[in-house]
There are 2 protein chains.
Amino acid sequence: MMTNSITAKGLNERAQHLLKVLVEHYIRDGEPVGSRTLSRDSGLELSPASIRNVMADLEELGFIAAPHTSAGRVPTVKGYRLFVDTLLAIKPLEQQEIHLIQQKLTSNDLNQRSLLASASTMLSAITRMAGVVTLPRREYIAWRHIEFLPLSEHRVLAILVINEGEVQNRILKLDHSYDSNTLQQISNYLNTHFTGKEIHAARAELLNELNRTRVNMNNLMLAAISMAEKVFEGQGRETGRSYVIAGETNLMEWAELSDVEKLRRLFDAFNQQRDILHLLDKCIAADGVQIFIGEESGYGVLDECSVVTAPYSVGDEVVGVLGVIGPTRMAYERVIPIVDLTAKLLGAALNPHK
Amino acid sequence: MMTNSITAKGLNERAQHLLKVLVEHYIRDGEPVGSRTLSRDSGLELSPASIRNVMADLEELGFIAAPHTSAGRVPTVKGYRLFVDTLLAIKPLEQQEIHLIQQKLTSNDLNQRSLLASASTMLSAITRMAGVVTLPRREYIAWRHIEFLPLSEHRVLAILVINEGEVQNRILKLDHSYDSNTLQQISNYLNTHFTGKEIHAARAELLNELNRTRVNMNNLMLAAISMAEKVFEGQGRETGRSYVIAGETNLMEWAELSDVEKLRRLFDAFNQQRDILHLLDKCIAADGVQIFIGEESGYGVLDECSVVTAPYSVGDEVVGVLGVIGPTRMAYERVIPIVDLTAKLLGAALNPHK
DNA sequence: TTTGGCACTCCTGAGTGATGAGTGCCAAAA
DNA sequence: TTTTGGCACTCATCACTCAGGAGTGCCAAA
């Protein structure tokens, strides 16, 4: 046994360094790296044979693996994990990149949705992978404004504004027909009662009202309540967490994902939203960049992908998560600061007080 | 020379029949079909050798081609074209399918956008290809309602409703700050002047007003006009024709599109929207189902796809196009009536007078 | 005009062997 | 004790060949 030997507890300097160089190499070229290459590029003055000894140990401990007997080694998930956690040298962003991100997140004066979309697109463009941004959710959803417009007999357009300018709209089909004036009165009633209140509280209050005084309530009041209730029915669905994704097609350029069947499953998962959303929701609790490597995510479709996420906040409330999805052999040292910065800047851009 | 010979003018009965059977076969199996198969399945009592004579003629005239010497024949674009135009027996839809389409297009009471999305999804699900629906555009865009809500200093949320309940919203950054009351007055002013008018006319009128009386105009009036103008700036972009696409991933299941590089270009085109939109816009003039087979579309990425479209109307104004994108060897006899019916039903579902 | 026969083409898939990259192990050197 | 050169070994890859089979074109006979 060597005194300097590698134990389960930790790797010695040399082993760590070699693992680092190996992972970096593999991320660059995507091809298994062998002892000769490592000997040449590691900076250590070691022969391939010595390197092989270390590699054998690294393999035994599960940090690297050989696709087949006479190929070089490839990092395992465990290897990437160690690399990312302790060996990685984060590369500070170029001034130019910072500017680019800043610009894409501020030059936009349309609305929130389009801001999120452009964040997602920017992430995908700058990393050449797929970018995702969840829609922000608030614990506290403030009733801002409601408006009803008559469309035709029995059909009314309802427009609900919540929080800082999130607009939802929906067509209601009603039993009675209301004229423009009545609708105005209804919305006035609702707005004066509920503007600024929390929306679930408002709903509860409405339901309460409805049950309590069903008998001696005037028509208008009843109409107002049932109409608002109809709006709420749709509320859950519309707001039901979802995300904006961009640049999925970038993933087709990575050789390790060039299998059509795998791509199909991956893209289906993107469209389905369910699993991806689940994963992203987990990250909302983390207080910084979080990384899922390969199978770590726990969703089969992502087995050959890594996901780098960061939560973003408005004010001091964490409201959403954004990130990047790409192959496990992505350039973490670049992606991590990009995701980190984007989260911070998006939060700032969404902040209403500016 | 045969008396019954095949001329450039037209094919004789037999040749047409054999072409039809060949195309049907190829659409079913996706594999080149040979003379033996045709002899067996054509219903004609002909030996493979006789069939071969006909096939040689069909090939010379460019209706079919052989991928290589000892493979069967495959329809060319010209072959598909003849098949679709004159040989195809449209299969009437099953009652069950009609119900399905009807249901997907009516069970929806949210808003226009989600109706279009569900039409697109339904098309893709029922055909196992990609479904597209362009957003409806109206020649005549009616100003319906405008509303301004103060968000913070200098930031105002503008909500513009046009036509039958299409809602657009946008955040305006302004020089002055306005209180809720003033904004109310402004929107009142705009709504009373413009509700029901054509939106471009309204804009022209506004600009006119602005130039004419810039000097002796009261503050409110000026604010109203410049604010409306800000809304219009975004108008073009938002409304600028686009489409809803669904089920792109279905295309990955077709063997002829299993090349990742091709798929990438195709999906990029879907995201880009430009070319596809161009193509769809051409179909708005046709008065029924229109079909582009392979290179006929003129866009390289679609060389191995066919596009089946139909315009849809609200009232008696054609407002959009919907359709299906799939491999050239799609089941036209099924797809055509599906697209046709969907266009009719979507038009009906969008009709405001019901 | 149709058909059987036949030579021919060419894709496909299986098998082969050479090449080369990379390994593990061992004994000698440092 | 650690490092290293040497060496046998493994295995993916590639080019090559070869048999099998599907399908063709052509021709002469029916």
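Below, each value reflects all heavy atoms present in this structure, side chains not excepted, and no hydrogens, waters or symmetry copies. Keep in mind the model is a prediction, meaning the values are calculated, not measured.
- Contact between the side-chain N/O atoms of A/R36 and the OP1/OP2 oxygens of D/dT4 is not found at any separation under 4.0 Å.
- Summarising the base pairing, D/dA29 is matched to C/dT2 through a Watson-Crick or G-U wobble pair whose two defining distances lie under 3.5 Å.
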Result block: side-chain N/O donor-acceptor pairs under 3.5 angstrom for residues 22-40 of chain B, not counting sequence neighbours:
| unit_1 | atom_1 | unit_2 | atom_2 | d |
| --- | --- | --- | --- | --- |
| B/H25 | NE2 | B/D41 | OD2 | 2.8 |
| B/S35 | OG | B/R52 | NH1 | 3.2 |
| B/S39 | OG | B/L46 | O | 2.8 |

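- Residues B/N250 and A/R264 have side chains in contact (heavy-atom distance under 4.5 Å, counting atoms from C-beta outward).
- Using a 4.0 Å heavy-atom criterion, one finds that B/A49 contacts the bases of the nucleic acid, with or without backbone contacts as well.
- Across the strands present, D/dT1 finds its partner in C/dA30; the criterion is a Watson-Crick or G-U wobble pair with both atom distances under 3.5 angstrom.
- The 5' end of DNA chain C is approached more closely, in terms of each residue's nearest nucleotide, by B/S47 than by the other of B/S47 and A/E59.
- Taking side-chain N and O atoms only, A/S70 has no distance below 4.0 Å to OP1 or OP2 of C/dA21.
- Across all strands shown, the partner of C/dT16 is D/dA15, judged by Watson-Crick or G-U wobble contacts whose two distances both fall under 3.5 Å.
- Atom C1' of nucleotide D/dT24 and atom CG of B/L38 are separated by 14 Å, given to the nearest angstrom.
- Side-chain proximity of B/R52 to the nucleotides D/dT3, C/dC6, C/dG24 is greatest for C/dC6.
- Closest approach to the B/S50 side chain among C/dT2, D/dT24, C/dT23 is made by C/dT2 (side chain taken as heavy atoms from C-beta onward).
- Distances were taken from every side-chain heavy atom of A/H68 (C-beta onward) to each of C/dT9, C/dT23, D/dA12; the shortest belongs to D/dA12.
- Closest contact between the side chain of A/M55 and the listed nucleotides C/dT23, D/dG21, D/dG25 involves C/dT23.
- When the side-chain nitrogen and oxygen atoms of A/R14 are compared with OP1 and OP2 of D/dT2, none of them lie within a distance under 4.0 Å.
- For D/dA8, the paired nucleotide is C/dT23, the pair qualifying as Watson-Crick or G-U wobble because both relevant distances are below 3.5 Å.
- Checking C/dG4, D/dT3, D/dC11 against the side-chain heavy atoms of A/L46 singles out D/dT3 as nearest.
- At the phosphate of D/dT24, OP1 or OP2 sits under 4.0 Å from a side-chain N or O atom of B/S35.
- When the P atom of D/dG25 is taken as reference, atom CD of B/E60 falls 11 Å away, rounded to whole Å.
- Note on A/E45: only backbone sugar-phosphate atoms sit closer than 4.0 angstrom, heavy atoms only; bases stay farther off.
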